[in-house]
Amino acid sequence: MLKDHADLIASELSEGTGASVALSIVASGVRSGLDIWFQDLEKRHGPIVELRPHGLRAHRVQLRFGNFSKQILKQISEAPTEDIQLARSLVTSIGGEANVEISGQNLECWTIDDGRFTIEATLRHETTAEGGDAIVATCREVIVPIMAAMAELIGYDQIVPEGTPGELEGALSLALVRRRERNPRNRLLCLRLHGYRCNCCGLDPQVKYGSAGKVLEVHHLQPVSQLSDEKRYNPKTDLVPLCPNCHRAVHTRRPTPYSIEELTSMMGANVH
Ligand SMILES: [Zn+2]
Ligand SMILES: [Zn+2]
């Protein structure tokens with residue numbers, strides 16, 4: 001039963017983290033759990049997430065570092081502030097039903113100091129935790145954001161900025177905005193916080209196109225206050241999901257795109 005869901009879980013994890021993951025089903029007695037790690041690292045060389053049944057209706061998820069993670073921990077300790085901020089936001093996006101604990105640290109401002117770092121979460125289900133559906137739900141709700149946070153800190157798939165930074169004098173550089181809009185972890189956070197529909201026209205592409213509808217994009221809002229002060233960037237409030245059409249439309253004005261309100265009122269004016 002769980003085997004049938006393994007491919008779905010792997011593809012959701014890869015999409016959300018922007019990295020390939022390896023996954024093994026671990027059977028302990030009749031009950032099965034999962035081990036998940038980043039495919040390009042040997043299991044012992046990086047973060048490992050274990051999912052185990054906890055009682056009859058709950059799952060316990062634990063993230064820990066393998067015994068040979070020194071190199072990756074060093075890489076994580078050098079993560080830029082913006083990546084740390086996104087990683088923390090991803091972990092706090094885990095719903096309140098999942099009880100999350102981070103090495104005795106504050107949920108909002110944890111740091112990975114050494115290989116003893118752990119994140120533990122318990123998620124209770126309405127029905128038995130044995131079924132594939134419950135495991136998929138735990139992966140979606142808890143494991144994807146945790147692994148995405150680790151992927152961000154490790155720096156998977158950093159997009160090389162295009163254009164010349166600083167070409168917009170006094171404004172947020174176009175390259176930086178593009179980098180934020182294309183980061184798969186930003187997309188994940190944005191959709192988790194703002195929902196899986198276009199925040200301008202309301203389109204839910206997965207309703208319209210079914211499984212071909214994973215086309216929502218991330219748009220970076222640029223409040224006036226931000227144009228000269230990059231430090232005010234907040235991934236929770238400065239990113240919104242837009243469908244490809246609306247996203248294209250807001251960017252028809254350059255260098256400052258139309259605001260969502262402006263585009264909405266332009267759309268209103270064209271309704272006959
Ligand atoms: Zn739209
Ligand atoms: Zn945009």
Side-chain angles (χ1 to χ4, degrees), residues 1-26 31-39 47-63 86-102 107 119-153 156-157 183-197 204-207 209-218 235-236 239 241:
M1 199 172 2
L2 177 54
K3 259 195 186 134
D4 303 338
H5 292 81
D7 286 350
L8 175 69
I9 292 169
S11 78
E12 289 203 5
L13 276 159
S14 300
E15 186 188 313
T17 60
S20 296
V21 297
L23 177 153
S24 70
I25 298 167
V26 183
R31 320 189 70 189
S32 40
L34 280 178
D35 279 1
I36 299 160
W37 63 97
F38 291 117
Q39 199 153 37
I48 306 159
V49 170
E50 293 182 358
L51 177 154
R52 297 284 177 273
H54 183 71
L56 287 177
R57 294 192 171 184
H59 283 135
R60 189 146 180 79
V61 173
Q62 190 199 45
L63 171 124
L86 174 57
R88 287 173 178 163
S89 301
L90 282 162
V91 173
T92 50
S93 77
I94 298 171
E97 315 92 75
N99 185 21
V100 182
E101 285 174 32
I102 305 182
L107 290 187
I119 299 180
E120 293 184 322
T122 311
L123 185 63
R124 209 157 280 287
H125 294 281
E126 293 289 312
T127 54
T128 167
E130 303 276 323
D133 289 342
I135 292 180
V136 169
T138 299
C139 283
R140 216 168 259 174
E141 194 45 48
V142 181
I143 299 178
V144 172
I146 289 177
M147 289 294 274
M150 295 303 127
E152 183 66 18
L153 293 173
Y156 274 108
D157 192 31
N183 181 331
R185 275 87 61 180
N186 268 339
R187 181 173 187 276
L188 175 71
L189 179 75
C190 183
L191 294 175
R192 284 175 67 83
L193 297 180
H194 302 287
Y196 287 72
R197 58 175 59 242
D204 178 340
Q206 299 212 54
V207 168
Y209 305 113
S211 58
K214 290 184 176 176
V215 296
L216 284 173
E217 298 175 355
V218 168
K236 291 185 186 179
L239 305 170

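This structure is a prediction, so every number in the text was calculated from the model and none was measured. The basis for the numbers below is simple: all heavy atoms, side chains too, and nothing from hydrogens, waters or symmetry mates.
Put simply, CD on Glu120 and CD1 on Ile146 are 10.0 Å apart, with the number rounded to the nearest 0.5 Å. A distance of 9.0 Å separates CG in Leu239 from CG in Leu193, rounded to the nearest 0.5 Å. Atoms OG and CG, on Ser89 and Asn186 in that order, are 9.0 Å from each other to the nearest 0.5 Å. Taking CD1 of Ile9 as the reference point, atom CG of Leu23 lies at 6.0 Å (rounded to 0.5 Å). Rounded to the nearest 0.5 angstrom, Arg197 CZ and Leu191 CG are separated by 12.0 Å. Note: Ile143 CD1 to His59 NE2 = 8.5 Å, rounded to the nearest 0.5 Å.
Of all heavy-atom pairs spanning Pro184 and Gly18, the tightest one is CG-CA, 3.7 Å. Here the closest non-hydrogen pair linking Thr17 and Arg185 is O-NH1, 2.7 Å. Here the closest heavy-atom approach between residue Ser24 and residue Trp37 is recorded as OG-CZ3, 3.8 Å. For the pair Gly16 and Ala148, the tightest heavy-atom approach, listed with the atom from each and the gap, is O-CB, 3.7 Å. Closest non-hydrogen pair, Leu90 versus Ser93, comes out as O-OG, 2.6 Å. The minimum heavy-atom distance between Ile94 and Pro145, with the atom names listed, is CG1-CG, 3.7 Å.
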*asked:* With side chain to side chain contact (heavy atoms under 4.5 Å, CB included) as the criterion, how do Thr127 and Arg57 come out once you've worked through the C-alpha distance, each side chain's angles and the decisive distance to 0.1 Å?
replied: CA-CA 6 Å; Thr127 54; Arg57 294 192 171 184; 5.9 Å; no
*Carefully, step by step, assess Met150 and Ile119 under the rule side chain to side chain contact (heavy atoms under 4.5 Å, CB included).*
CA-CA 11 Å; Met150 295 303 127; Ile119 299 180; 4.1 Å; yes
_Applying side-chain hydrogen bond (donor to acceptor under 3.5 Å, both in side chains) to Asn183 and Glu152, what does each step give before you reach the verdict?_
CA-CA 9 Å; Asn183 181 331; Glu152 183 66 18; 3.0 Å; yes
*Mind running side chain to side chain contact (heavy atoms under 4.5 Å, CB included) on Thr92 and Lys236 for me, showing each step along the way?*
CA-CA 10 Å; Thr92 50; Lys236 291 185 186 179; 3.5 Å; yes
*Test log, rule side chain to side chain contact (heavy atoms under 4.5 Å, CB included), inputs Leu13 and Ile36*: CA-CA 9 Å; Leu13 276 159; Ile36 299 160; 3.8 Å; yes
_With salt bridge (Lys or Arg N to Asp or Glu O under 4.0 Å) as the criterion, how do Lys214 and Glu15 come out once you've worked through the C-alpha distance, each side chain's angles and the decisive distance to 0.1 Å?_
CA-CA 10 Å; Lys214 290 184 176 176; Glu15 186 188 313; 3.2 Å; yes
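Annotation: ring-ring contact (aromatic ring centres under 6.0 Å, His included) contacts of His194 (sequence neighbours excluded): none.
Considering only heavy atoms from C-beta on, Thr138 comes within 4.5 Å of Val61 through its side chain. Taking 4.5 Å as the limit, every side-chain heavy atom of Ile135 sits out of range of all side-chain heavy atoms of His5. In this structure, the side chains of Glu97 and Arg124 stay at 4.5 Å or more apart for every pair of heavy atoms. At a threshold of 4.5 Å between non-hydrogen side-chain atoms, the residues Leu107 and Val91 do not count as touching. Two residues are said to be in side-chain contact when any heavy atoms from C-beta on lie closer than 4.5 Å; Pro205 and Leu216 meet this criterion. Proximity of Pro47 to Phe38: side-chain heavy atoms (C-beta onward) are separated by under 4.5 Å at one or more points.
Side-chain N or O atoms of Ser14 include none that pairs as donor or acceptor with a backbone N or O of Ser11 at under 3.5 Å.
One finds a salt bridge joining Glu141 and Arg192 here, because a Lys/Arg side-chain nitrogen approaches an Asp/Glu carboxylate oxygen to under 4.0 Å. Between Arg60 and Glu50 no salt bridge is recorded (no basic side-chain N to carboxylate O distance below 4.0 Å).
No side-chain donor from either of His125 and Asp133 sits under 3.5 Å from a side-chain acceptor of the other.
Screening Leu123, Leu34, Val26 for a side chain to side chain contact (heavy atoms under 4.5 Å, CB included) involving Leu51 leaves a single residue, Leu34.
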